[in-house]
Amino acid sequence: MLDRTYRVDFPTRGSKLGAAEIAALTSLVSSGAPLSSGIHRDRFENGFREHIGSAHAMSVTSGTVALELAIHLLDLRPGDEVIVTPQTYQATIAPLLNLDVEVTFCDVDPDTLNMDPAVLETLISERTAAVLLVHYGGCPAEMDRITAAAHAHGAVVVEDCAHALGASYHGRRPGALADIGCFSFHNSKNLTTLGEGGMITFDRDDWAYRLECLRSNGVDGVTRPVRGTRPPALLPWMKYADEIYSSEYTEVLRAGTNATLSEAAAAVGSVQLGRLPELSARRAEIAHRLDEALAHAGAGARPHHAPPGTEHAHHLYTFFVDSGAPDRERLVRSLDRHGIEVQLRYFPLHLTPEWRARGYRAGACPVAENSWFDRHVNLPCHPGLTDAQVDRLCAVLHEELTSPGRAFHSSQPIS
Ligand SMILES: *Cc1c(COP(=O)(O)O)cnc(C)c1O
């Protein structure tokens with residue numbers, strides 16, 4: 001689709017890898033240690049659990065797999081209602097397409113683009129089994145109100161934390177604010193485990209047991225002891241065979257898969273976790289510069305701010321064009337002409353073909369629709385940007401907001 005090279009590009013790589021990650025990989029490869037299921041996965045999971053403040057943190061191969069397995073653990077039944085945000089990446093809710101559940105889209109808050117708790121409170125009922133939300137762009141959702149509403153109706157809450165690593169909410173971390181949290185360590189995210197990876201965080205021990213089966217080719221199901229005689233062990237040391245024969249499944253809920261995070265990915269993950277404060281600080285610094293550029297430009301554009309008591313992880317830098325669609329289009333085109341890659345995340349999910357086919361229509365979530373079609377803009381904001389790129393980004397933004405349409409006279413290439 002893109003037939004140009006941007007001078008300030010959107011993050012293809014969200015996090016920076018450097019000497020420390022290379023050293024971890026060199027040491028792993030030269031040590032002869034196992035490349036799967038060794039010490040690095042445990043180490044990364046323990047570090048992550050401590051960082052988030054959850055009882056369990058279990059790694060998997062991607063954020064998508066984390067969401068698929070997390071949604072499986074909810075034991076949704078035919079006819080259950082699941083309330084979801086329409087303003088997220090498709091993987092947050094895609095697993096629901098495979099289930100016979102009723103999905104209700106809950107509109108978002110126009111300032112944060114997070115699920116609006118006031119709307120949720122009007123939708124939720126005894127039929128609601130689960131609520132799925134994202135911390136949009138790294139801005140924590142209003143979790144106290146959301147979990148209070150959900151738990152009052154016996155519904156579980158899943159946090160998609162793919163953007164939220166590094167964020168905080170009244171002294172706590174996304175991933176430990178509700179029942180289950182799902183993280184992505186994809187190439188584009190605030191921390192990457194060599195391109196792909198994911199994590200599931202929660203407190204329940206029974207989920208840890210089931211998830212261990214699910215991610216390592218076991219079976220999640222209900223077993224009972226075998227009645228009658230057992231076949232004898234073929235050889236005395238074959239205890240394992242004896243254990244397998246001693247129970248049988250009365251109900252298989254789901255066959256497991258292999259979602260083991262590789263040792264190389266986990267080793268890099270631990271290094272990245274240690275560098276998270278530095279990586280987050282660079283994101284915050286760039287976001288602050290962009291906020292200033294918007295503020296100096298005066299009225300007409302307003303930044304996406306985290307509510308009081310919360311810290312934004314700045315996975316996405318978002319702002320809103322108050323005057324709406326024509327001005328936003330002009331601005332986006334001008335920024336693009338100046339070599340700044342702009343994105344609009346995310347197309348309201350209830351209007352994608354797979355959800356329209358299930359009867360969802362325009363008008364169901366007016367705030368999310370208005371924001372995507374008319375108002376919001378996402379700019380590059382990631383630790384890979386050089387100071388020169390950030391300067392250019394701010395200068396072009398300021399120029400275009402204060403003197404719309406004027407050519408920006410600075411064509412020197414940026415290193
Ligand atoms: C990236 C992302 C995912 C999917 O994660 P992968 O690791 O790419 O599978 C899910 N939800 C959101 C909001 C994301 O941004």
Side-chain angles (χ1 to χ4, degrees), residues 10-15 44 48 57-72 82 84-98 103 105-106 108 112-115 130-141 143 157-167 174-175 177-178 180-201 214-215 257-262 265-266 268-269 272-273 283 304 312-318 343-350 352 354-355 368 371-372 376 378 380-382:
F10 215 77
T12 45
R13 191 188 275 187
S15 186
F44 180 41
F48 205 85
M58 295 178 69
S59 60
V60 290
T61 41
S62 72
T64 299
V65 168
L67 286 154
E68 283 169 4
L69 297 181
I71 288 170
H72 169 77
V82 184
V84 304
T85 176
Q87 186 43 265
T88 182
Y89 180 59
Q90 64 213 45
T92 313
I93 63 169
L96 300 175
L97 287 167
N98 302 324
V103 173
F105 288 92
C106 175
V108 296
T112 62
L113 301 184
N114 279 324
M115 179 178 277
V131 175
L132 260 64
L133 56 84
V134 74
H135 301 291
Y136 176 87
C139 173
M143 294 307 291
V157 180
V158 180
E159 302 172 75
D160 182 339
C161 302
H163 302 171
L165 190 58
L177 302 175
I180 189 160
C182 296
F183 290 81
S184 163
F185 308 128
H186 178 260
N187 190 55
S188 64
K189 300 293 158 51
N190 291 22
L191 176 161
T192 187
T193 47
L194 278 186
E196 300 284 353
M199 190 77 83
I200 310 178
T201 56
L214 284 166
R215 70 174 181 173
T257 184
N258 179 7
T260 310
L261 190 68
S262 81
V268 167
Q272 289 259 293
L273 194 57
R283 283 180 180 272
H304 176 255
H312 201 301
H314 305 293
H315 173 67
L316 298 176
Y317 184 86
T318 309
Q343 303 227 334
L344 304 176
R345 293 196 172 162
Y346 291 92
F347 185 80
L349 285 183
H350 61 293
T352 58
E354 64 274 27
W355 292 103
S371 192
W372 193 86
H376 81 254
N378 303 114
C381 175
H382 56 100

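Everything quoted here is computed from the prediction, not taken from an experiment. Every number for a ligand or one of its atoms is a count from 1 in the order of the listing.
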Exercise for the section: Verify the ring-centre separation between H135 and H315: is it less than 6.0 angstrom? Expected result: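 Ring centres of H135 and H315 not closer than 6.0 Å.
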For ligand 1, which atoms sit closer than 4.0 Å to a heavy atom of [X]?
X	value
S184	1 (C), 5 (O), 6 (P), 7 (O), 8 (O)
G63	5 (O), 6 (P), 7 (O), 9 (O)
L67	10 (C)
A162	2 (C), 11 (N), 12 (C), 13 (C), 14 (C), 15 (O)
V134	13 (C)

Problem - Y346 contact mode with ligand 1 (heavy-atom cut-off under 4.0 Å) - result: side chain
Exercise for the section: Of the side chain and backbone of S62, name the one, both, or neither that has a heavy atom under 4.0 Å from an atom of ligand 1. Expected result: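 Both parts.
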Problem - N or O contact, D160 vs ligand 1, cut-off under 3.5 Å - result: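 Right, the criterion is met.
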Problem - Polar proximity ligand 1 side, K189 side, N/O cut 3.5 Å exclusive - result: yes
Handout entry: Under 3.5 Å side-chain donor-acceptor pair for S371 and Q87
Key = no
Exercise for the section: Measure the distances from the heavy atoms of H315 to every atom of ligand 1 and state whether one is below 4.0 angstrom. Expected result: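 The answer is no, since H315 has no heavy atom less than 4.0 Å from ligand 1.
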